[in-house]
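Residues: numbered from 1 along the sequence shown.
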Amino acid sequence: MAEPIKVVVTGAAGQIAYSLLYQIASGAVFGPEQPVFLHLLDIGPMMGVLEGVVMELADCALPLLAGVLPTANPEEAFKDVAAAFLVGAMPRKEGMERKDLLSANVRIFKEQGQALDKVARKDVKILVVGNPANTNALICSKYAPSIPKENFTAMTRLDQNRAQAQLAAKLGVRVQDVKNVIIWGNHSSTQFPDASNAVVTVNGAQKPVPAALNDDEFLKSTFVTTVQKRGAAVIAARKMSSALSAAKAASDHMRDWFLGTGDRWVSMGVVSDGSYGTPRDVVFSFPVTVSNGKWKIVEGLTISDFARKMIDATGKELDEEKNDALEVCK
Ligand SMILES: NC(=O)C1=CN([C@@H]2O[C@H](COP(=O)(O)OP(=O)(O)OC[C@H]3O[C@@H](n4cnc5c(N)ncnc54)[C@H](O)[C@@H]3O)[C@@H](O)[C@H]2O)C=CC1
Ligand SMILES: O=C([O-])CC(=O)C(=O)O
């Protein structure tokens, strides 16, 4: 059996972590042969609740769980970690946009960037889940200059999973029969869920999704808005934001980053290099493939006039969020 790797989850006493911790500790993320030592970070007042989570983890009797460290100290939590799930942040309530959380949450990511910079492994893979995820990831990276920018990512996998599920339902196929749907841009209501390159397998044969559906109007309107507003729809129904599906998406994202995607495309928020005419120096969601622990943006896709407008709009929002966040962090 391999040596255990240290993995931190922040917001460990919260609702996403409650689903996520089991997935990590059971082997669903780093594989069935990789033991994990879990570092659980939350704030001081939540230490009592966190103690209960630690008890439940023990009670799961999981063979891959090598140990658990609950703490309210970021430098203790981030020490020598190989993977960081940055979940801990305030969730939005009904009627809010995710960027309304910026002033409350972005400082958390400044402080955590500074702590990661000091004590984490330089090859740590960081996934920011706490909203507004893209801009929090950018700020975290800016305050951790000794860790490569490529190691900071934001989660748009939940949007990808939602998009894939919507398409599969519309086409009457299994979710695993739909691939290469893309989420461009911000994890916000300006994101662009794009099915123009998606492929579906029907009766053993692959077909482009637009041809299989033959309903461009649906792909440009209902499909896009359903995915853009799905988080709000869950909040309206549950009175709390998505947690089960968010934890599953965080597991998918980190698993694919560690273990690879093959030729399957996945969407990840990464620091933009200006690909596809997007603004540089914002965390923008692109289609990527991953091998040997490194992601690479899928190149050479054709961008329609419609896609151009959508990509520009979400890029503009990210530029604005960046400026607001830098102002808050001054
Ligand atoms: N990117 C995405 O697709 C998604 C992002 N989210 C976001 O994830 C975040 C967490 O959501 P939930 O778990 O539902 O919230 P929650 O309120 O249940 O849990 C958040 C936890 O973070 C802790 N926390 C607050 N400040 C902290 C700090 N400085 N250090 C460590 N822990 C801290 C809180 O004490 C709490 O235990 C929210 O910002 C939410 O909007 C939620 C769903 C999907
Ligand atoms: O909508 C929210 O605030 C939580 C979230 O990010 C999502 O469910 O996609």
Residue among Lys316, Lys309, Arg308 satisfying salt bridge (charged side-chain N to carboxylate O under 4.0 Å, His left out) with Asp312: Arg308

Distance, nearest 0.5 Å, that separates [atom1] of [X] from [atom2] of [Y]:
{"X": "Ile139", "Y": "Ile108", "atom1": "CD1", "atom2": "CD1", "result": "13.0 Å"}
{"X": "Ser285", "Y": "Asn186", "atom1": "OG", "atom2": "CG", "result": "9.5 Å"}
{"X": "Ile126", "Y": "Phe78", "atom1": "CD1", "atom2": "CZ", "result": "8.0 Å"}

Parallel under 30°, tilted from 30 to 60°, perpendicular over 60°: which one fits the rings of Phe218 and Phe223? tilted

Students often mix this up, so state it plainly: with edges at 30° and 60°, are the rings of Phe286 and Trp184 parallel, tilted or perpendicular? perpendicular

Take atom [atom1] of [X] as the centre, draw a 6.0 Å sphere, and report whether it contains more than 12 heavy atoms from other residues, nucleotides or ligands.
{"X": "Tyr18", "atom1": "OH", "answer": "no"}
{"X": "Asp305", "atom1": "CG", "answer": "no"}
{"X": "Arg280", "atom1": "CZ", "answer": "no"}

Identify the heavy atoms of [X] and [Y] that sit nearest to each other, and give their distance.
{"X": "Leu213", "Y": "Leu171", "value": "CG-CD2, 3.8 Å"}
{"X": "Leu259", "Y": "Gly31", "value": "CD1-N, 4.3 Å"}
{"X": "Ala154", "Y": "Leu127", "value": "C-CD1, 3.9 Å"}
{"X": "Val36", "Y": "Ala25", "value": "CG2-CA, 4.1 Å"}
{"X": "Phe30", "Y": "Ala83", "value": "CZ-CB, 3.7 Å"}

Has the side chain of [X] got a donor or acceptor atom that lies under 3.5 Å from a matching backbone atom of [Y]?
{"X": "Thr225", "Y": "Ser221", "result": "yes"}
{"X": "Gln160", "Y": "Ser267", "result": "yes"}
{"X": "Asp273", "Y": "Ser275", "result": "yes"}
{"X": "Thr261", "Y": "Asp263", "result": "no"}
{"X": "Asn136", "Y": "Gly130", "result": "yes"}
{"X": "Asp42", "Y": "Ala12", "result": "yes"}
{"X": "His39", "Y": "Ala77", "result": "yes"}
{"X": "Asp100", "Y": "Glu97", "result": "yes"}
{"X": "Ser304", "Y": "Ala307", "result": "yes"}
{"X": "Gln164", "Y": "Val175", "result": "yes"}

Test log, rule side chain to side chain contact (heavy atoms under 4.5 Å, CB included), inputs Gln34 and Ile5: CA-CA 8 Å; Gln34 178 59 64; Ile5 52 168; 3.7 Å; yes

Within residues 225-241 or reaching into it, pairs that qualify as salt bridge (Lys or Arg N to Asp or Glu O under 4.0 Å) - sequence neighbours excluded: Glu94-Lys239

With sequence neighbours excluded, give me every salt bridge (Lys or Arg N to Asp or Glu O under 4.0 Å) pair touching residues 165-188. Arg174-Asp177

Stepwise side chain to side chain contact (heavy atoms under 4.5 Å, CB included) check, Val128 with Phe152: CA-CA 8 Å; Val128 175; Phe152 291 83; 5.7 Å; no

Taking the side chain as every heavy atom from C-beta outward, state whether [X] and [Y] have any atom pair closer than 4.5 Å.
{"X": "Tyr143", "Y": "Gln112", "answer": "no"}
{"X": "Thr71", "Y": "Leu40", "answer": "no"}
{"X": "Lys296", "Y": "Val290", "answer": "no"}
{"X": "Phe85", "Y": "Met254", "answer": "yes"}
{"X": "Leu326", "Y": "Lys322", "answer": "yes"}
{"X": "Thr314", "Y": "Phe284", "answer": "yes"}
{"X": "Pro132", "Y": "Leu101", "answer": "yes"}
{"X": "Val328", "Y": "Leu102", "answer": "yes"}

Same cluster or not: [X] versus [Y], using hydrophobic residues (I, L, V, M, F, W, Y) connected whenever any side-chain heavy atoms lie under 4.5 Å apart?
{"X": "Ile182", "Y": "Leu318", "value": "yes"}
{"X": "Val173", "Y": "Val199", "value": "no"}
{"X": "Val129", "Y": "Val124", "value": "no"}
{"X": "Val224", "Y": "Val227", "value": "yes"}
{"X": "Leu158", "Y": "Leu86", "value": "no"}

Please lay out, stage by stage, how Thr289 and Trp265 fare under the test side chain to side chain contact (heavy atoms under 4.5 Å, CB included). CA-CA 5 Å; Thr289 53; Trp265 306 351; 3.9 Å; yes

Check step by step if side-chain hydrogen bond (donor to acceptor under 3.5 Å, both in side chains) holds for Ser188 and Glu317. CA-CA 9 Å; Ser188 76; Glu317 182 184 49; 2.6 Å; yes

May I ask you to check whether Asn134 and Glu321 show a side-chain donor-acceptor distance below 3.5 Å? no

Can you see whether Lys122 engages Ser146 through a side-chain donor-acceptor pair at a distance of less than 3.5 angstrom? yes

One pair to check against side chain to side chain contact (heavy atoms under 4.5 Å, CB included): Val266 and Arg157. What are the steps and the verdict? CA-CA 7 Å; Val266 296; Arg157 184 59 172 265; 3.5 Å; yes

The test is salt bridge (charged side-chain N to carboxylate O under 4.0 Å, His left out); show your working for Lys118 and Glu75 and say whether it passes. CA-CA 8 Å; Lys118 264 197 194 163; Glu75 287 192 17; 2.9 Å; yes

N-O pairing of [X] and [Y] below 4.0 Å:
{"X": "Asp281", "Y": "Lys142", "value": "yes"}
{"X": "Lys99", "Y": "Asp324", "value": "no"}
{"X": "Arg162", "Y": "Asp159", "value": "yes"}

Hey, mind stepping through Glu217 and Lys220 against salt bridge (charged side-chain N to carboxylate O under 4.0 Å, His left out) and telling me if it holds? CA-CA 5 Å; Glu217 194 42 42; Lys220 284 186 177 165; over 6 Å; no

Under the salt bridge (charged side-chain N to carboxylate O under 4.0 Å, His left out) test, residues paired with Lys207 that sit two or more places apart: none

Between Asn131 and Asn105, does the side-chain hydrogen bond (donor to acceptor under 3.5 Å, both in side chains) criterion hold? Intermediate values first, please. CA-CA 7 Å; Asn131 279 319; Asn105 286 346; over 6 Å; no

